[in-house]
Structure formats: structure tokens, C-alpha cells
Amino acid sequence: MLRLPSVRLGGLVVRRASAALSSPVRMASHEVSQTVDMSQPMYWDRVDTPLPDRRYKDILTDSEKSLKQKEKGPWAQLSKEEKIALYRMSFLQTFPEMKQRSDEWKTVMGGIFIFLGFTGLLVWWQRIHVYPQRPHTFDPEWQEKQLQRMLDMRISPVEGISSKWDYEKGQWK
Amino acid sequence: VSANMFRAVVRLSASGARSLTRSRTSISAPLASRCYSHGKVETDEEFDSRWVTYFSKPDIDAWELRKGMNTLIGYDLVPEPKILDSALKACRRLDDLASAIRILEAVKEKAGPHKDIYPYLIQELQPTLTELGISTPEELGIDR
């Protein structure tokens, strides 16, 4: 039976739809997966749609059919197991089963961290083997000389760097 | 616990502009009305009786039951016991025990964090549950 991927909506509703079967299609030498006939009523377990369009079990065994007949009589005569069997004939999962949390988030977070770590390694390798040498113009001595030259040239004298320098006293304002 | 007290509880929505929901400030206060530009406001009683009538249809069919329940569960409220009573009896007419149990599960879910609503509903529905022979999910052990 083809199961469509489950979609998490608000973390509470898990939707998994299963539909009427059609026989597997064989094409040439390989087998295509079973197709879901979406024009037929579908079954799904959803917290907000308690009664789906069709019963879960379409095809009943003889014992199930006879139980269905017994269901037409007083329900008090049904045993607990029979009632549970009737429930399971109509529904795949109970509400608590539907709402079960999974540990999928741990897998997701783990995968995220692994890939982030791997990316970090790539960046580190890149810094060592790809980036050129640090330019000499970043050295403190050069930076000092550069700043002195900028002040001498009166760069940005109105509101910029030279305006912050007190030329008479030879210090920052 | 009077039924009146729980009327406030079973209406979950406290605010919002939805036309079907309204807030009650206290048991005896007059119904808080909203300022709509036009249109009549449906009272709680009218809403309840409309739904009781829907499920009371003698020859209700399976589709109508499903549609009714799914719609009712879609509202921002927990249905009153009398509506559920009517729905359970409809399940009986349709010889569908599984749906009856499913309805109980669904309203428990609707109550959400308000853990005292579901026991109240079961208490109110007990006569019908016993009469029809419907077991609750707890009795069947499928509530885990």
C-alpha cells in the first residue's frame, strides 16, 4: 500500500493517507510502485477529522463480516475484544497513537549539526589553503604611517577623521 | 456541579470575531453581545438545538453522520452532552459502534488542556452509554 509522506501541522496532527489499492503496474523489466486512486474516498487518521471518508478495512474476512452482523444487535452483548476489533476495522490508529511524538527531531538536529560541522571543516581548510597571505598593509606600523599620512593630507576635514584631530596640540580632540 | 457552570467551560473561545462563538462573563450575566453590522446572533441554545436536530434525523445516513461530526469537531468548542447524545444514538441507528467510540475520543481531544471537561461529558452521557452498550476508550484500554 502506498503511504504518502507524513506532514506535520503544528506538531499535533500527523496525516498519513492510504487509499484504495490498484494492482502493481509492471512496465518492461521493472516494477512501478502501486498507484493511489485519489478519485476514491480516502482514509486518514487526523485529529481534526475523526470520521474519515471510508472505513480503514475495505475487505473483511468472514469472521469480521460475522462480527459486523453481530454489531447490528445490542452492543452490550459484544465483548471488549469484539468492540476493539470493530474499532480497528474502521480505524487504523487511535487518537493517542495518532498523537504519538517521535524522536525524528533528534535525527534532524543531529543531521544539521553534522553538516554544520562539515562546513566548518571546509571553511577552515579554505582559510589555510586557499586564502592568500595577509597583506602587509594591515601591520600596525603601516597602519600608523597610513593614519599619519591621512591626517597630513587633511582627509575628511569637515566632519571626518581630520576634524577629530587637534593639529595644534598634536592629539585627538 | 451544575450544568450551567460548565456551559461557560465548554465554550472554549474567549475572544475573536467568529460569528458562532461568544463569551460568557458569568453564569447569571446576560449574554455578551458583539457589535455586528448586521445579522442575527445565534444563541448557544439555538446552536445546540440545531445540532441535536441534525443528528436526530431518523434516517440519517453514514455520510451525514461523518459530515456532521467532522464539521462539529471543526468548531472552536466542545459540543454539549445533548448533541453528543444525539450523535451516539445516530451511530446506533447506523449500527456503527466504532464511530461512537471515535466520537468520544474526538471530544476528549477537543477539550485540550481542560482535563475536567471529558469526565463531565462521560458523566452526563453515562445513561446513554449504558443504554446503548457503548464502552468508553478508557474501558477498552485504547486510551494510551
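Labels below follow one simple rule: chain letters A, B, ... track the order of the sequence lines, proteins then strands, and each chain is numbered from 1. The analysis underlying the following values was restricted to heavy atoms, covering all of them including side chains, and did not include hydrogens, waters or symmetry mates.
Heavy-atom pairs under 4.5 Å with chain A were tallied for B/R102, B/M69, B/K108, B/E105; the largest tally goes to B/R102. The candidate from B/I103, B/T71, B/D95 with the greatest count of non-hydrogen atom pairs under 4.5 Å with chain A is B/D95. Options A/E71, A/R88, A/K68, A/K80 differ in how many heavy-atom pairs under 4.5 Å they form with chain B, and the most are formed by A/E71.
Applying the side-chain hydrogen bond (donor to acceptor under 3.5 Å, both in side chains) rule to A/E159 yields no partners; only residues at least two apart in sequence or on another chain are considered.
Using a 4.5 Å heavy-atom cut-off against chain A, the contacting residues of residues 125-144 of chain B are B/L132, B/G133, B/I134, B/S135, B/E139, B/L140, B/I142, B/D143, B/R144.
Classification of B/D96 and B/R66 as a salt-bridged pair fails, no side-chain N sitting under 4.0 Å from a carboxylate O. A salt bridge between B/E64 and B/K67 is absent, with no side-chain N of the basic residue lying under 4.0 Å from a carboxylate O of the acidic one. Taking the charged nitrogens against the carboxylate oxygens, B/K82 and B/D85 have no contact shorter than 4.0 Å, which rules out a salt bridge. Classification of B/K40 and B/E46 as a salt-bridged pair holds, one side-chain N sitting under 4.0 Å from a carboxylate O.
With A/E64 contributing its side chain and A/T61 its backbone, the two residues share a donor-acceptor pair below 3.5 Å.
For B/R93, the CZ atom counts as densely surrounded, since its 6.0 Å shell holds more than 12 non-hydrogen atoms of other residues, nucleotides or ligands.
Of the two parts of A/F95, the backbone and the side chain both hold a non-hydrogen atom closer than 4.5 Å to a non-hydrogen atom of chain B.
Ring geometry for A/W165 against A/Y167 counts as perpendicular: the plane angle is over 60°, on a 0 to 90° scale with 30° as the lower cut.
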